[in-house]
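Step one of this worksheet: look at the structure below.
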Number of protein chains: 2
Amino acid sequence: MGRPSRYGEAEILDGAKQVSAEIGPQKLTIAKVAARAGVPVGSIYHRYASRDEILAAVWLDFVEDFQRQFLAELEGREVLKAGLAAVRFACGWVRGHPREARLLLLHRREDFASERWPASDRRRAEKLAADAGDCLGAYARRLAGRTGVVERNAVRLALVDLPMAGLRRDVEGGQRPSPDMQRLLLKTCAYVLRQAARSRNQRRKGRSGNGS
Amino acid sequence: MGRPSRYGEAEILDGAKQVSAEIGPQKLTIAKVAARAGVPVGSIYHRYASRDEILAAVWLDFVEDFQRQFLAELEGREVLKAGLAAVRFACGWVRGHPREARLLLLHRREDFASERWPASDRRRAEKLAADAGDCLGAYARRLAGRTGVVERNAVRLALVDLPMAGLRRDVEGGQRPSPDMQRLLLKTCAYVLRQAARSRNQRRKGRSGNGS
DNA sequence: ATGGTTTTAGAATGGCCATTCTAGAACGGC
DNA sequence: GCCGTTCTAGAATGGCCATTCTAAAACCAT
């Protein structure tokens, strides 16, 4: 019943993603999304209550997709291999989702607004953060085994920050990540994870190039 | 001659830095800078032609300061030690300049506008980029010696992207970088640089955890 | 003191953009 | 054919903010 809809949320969301990826979420305007998606402004507001809600949808959409798969890789049988698999997955995902990768790598979460997010979106975001924290924590404990101290910093650096940093440059230039970079990331990641697997006590002795 | 000035560029620039660091350069408004610095709007425009020019000044100011010293460290006698010294310097600088560090680590260059920068500012920015490229290139060649291929990617990862990624978290939370993180970064940086120093041919053989 | 010059002060202007509003269109059910 | 409902279209509104403008202040030289 009622007039059939000519435009769905999907088209609007896709337009919003395109615009975000091209000019950045901060500069996204409803008018631009409308133009890109070929949807009148009124119809956009018929689906989404506000610009913030649109940005929330854009962000949650691809982050949930990425993170779910990424974290799944982490659960693999052999700890170290699982970590590397996750990093490899991230590289592949970036190659396969150039648009979303721009959003993931080139912008911070808060560029997609936050304060005025509706409660439901906020809950989704909180779940994402909690999941990530839990999985990384679990991974860190697995990596340490019963031998050592859990080094969350190192694990996060190796699995999250390092790959993001490495991939960012290529994506920024509109390139796909180079195989060389992927090799470099995997190798470095493996190194950091191996080091983190050692207990702090072991490191107390034979340490080399460190602080000060 | 003429009425003596009550406010100088320095106060305005400092206010702009504070505001940028707190709410981000994108959200900086002239009114906020005016309020923060205790300077009327008109006087701000008496010194700076536009908001863009203010942001340019903010950005160039601290980046020139940081980069000059960082690149200087790279010239140290022993290649590897010089690289580590540069990373160590970066960690120290972040500790010593919390406000500027936020700007350096939490925002991208283009958040400080670009298109409408005046020519002189653009030239300063280009010089910065050129210097950085030259020095990193020179460093990469020194690192490779006459034995191998120059791996700019690896060098940039180790010296620039990796430290930035590692320091970002702490700075984002308003913390100063932890000593643990610094140790971790130095160790990882050293590893990547050592690997990069090997020639590509050498790696062709005994490689381990790599692509795909 | 007077005039020229540099600054201060902050009000007025104009543009952009999110959001709202008004009309009317396209159904299904009756 | 008429009604209630769900959309479409895009014009009108209102707020924020960069920038401009007007008045007046504070100084110097004469």
Legend entry - Most 5' of Ala31(B) and Arg47(A) on DNA chain D, judged by nearest nucleotide: Arg47(A)
Inset, instruction - Specify the residue among Arg116(B) and Gly2(B) whose closest nucleotide of DNA chain D lies further upstream toward the 5′ end. - result: Arg116(B)
Inset, instruction - Could you check whether Ile54(B) gets within reach of a base, just the sugar-phosphate, or nothing at all, counting any heavy atom under 4.0 Å? - result: nothing
Inset, instruction - Determine the contact category for Ile44(A): base if any of its heavy atoms lies under 4.0 Å from a base atom, sugar-phosphate if only primed atoms, P, OP1 or OP2 are that close, otherwise nothing. - result: nothing
Closest listed nucleotide, where the reference is the side chain of [X] and the choices are [options]:
{"X": "Pro4(A)", "options": "dT19(D), dT8(C), dA26(C)", "answer": "dA26(C)"}
{"X": "Ile30(B)", "options": "dA18(D), dA9(C), dT8(D)", "answer": "dA18(D)"}
{"X": "Thr29(B)", "options": "dC17(D), dT19(C), dT19(D)", "answer": "dC17(D)"}
{"X": "Ser43(A)", "options": "dT8(D), dT7(C), dC28(D)", "answer": "dT8(D)"}
{"X": "Arg3(B)", "options": "dA25(C), dT19(C), dA25(D)", "answer": "dA25(D)"}
{"X": "Ser5(B)", "options": "dT7(C), dA18(C), dA9(C)", "answer": "dT7(C)"}

Inset, instruction - Could you tell me whether Arg108(A) atom CZ has more than 12 heavy atoms of other residues or ligands within 6.0 Å of it? - result: yes
Whether [Y] and [X] form a salt bridge (side-chain N of Lys/Arg under 4.0 Å from carboxylate O of Asp/Glu) is what I want to check.
{"X": "Arg36(A)", "Y": "Glu22(A)", "value": "yes"}
{"X": "Asp14(B)", "Y": "Arg99(B)", "value": "yes"}
{"X": "Asp161(B)", "Y": "Arg168(A)", "value": "no"}

Tell me: [atom1] of [X] to [atom2] of [N], nearest whole Å?
{"X": "Lys32(A)", "N": "dG10(D)", "atom1": "NZ", "atom2": "C1'", "value": "19 Å"}
{"X": "His46(A)", "N": "dT22(C)", "atom1": "NE2", "atom2": "C1'", "value": "15 Å"}
{"X": "Leu28(B)", "N": "dC16(D)", "atom1": "CG", "atom2": "C1'", "value": "14 Å"}

Inset, instruction - Please check the phosphate of dA9(C) (OP1 and OP2 only) for any side-chain N or O of Tyr7(B) closer than 4.0 Å. - result: yes
Legend entry - Phosphate OP1/OP2 of dA9(D): any Arg6(A) side-chain N/O under 4.0 Å: yes
Legend entry - 5′-ward residue of the pair Met1(B)/Gly42(B) relative to DNA chain C: Met1(B)
Legend entry - Under 3.5 Å side-chain donor-acceptor pair for Asp121(A) and Trp59(A): no
Legend entry - Check: Arg51(A) side chain, dA18(C) base, donor-acceptor under 3.5 Å: no
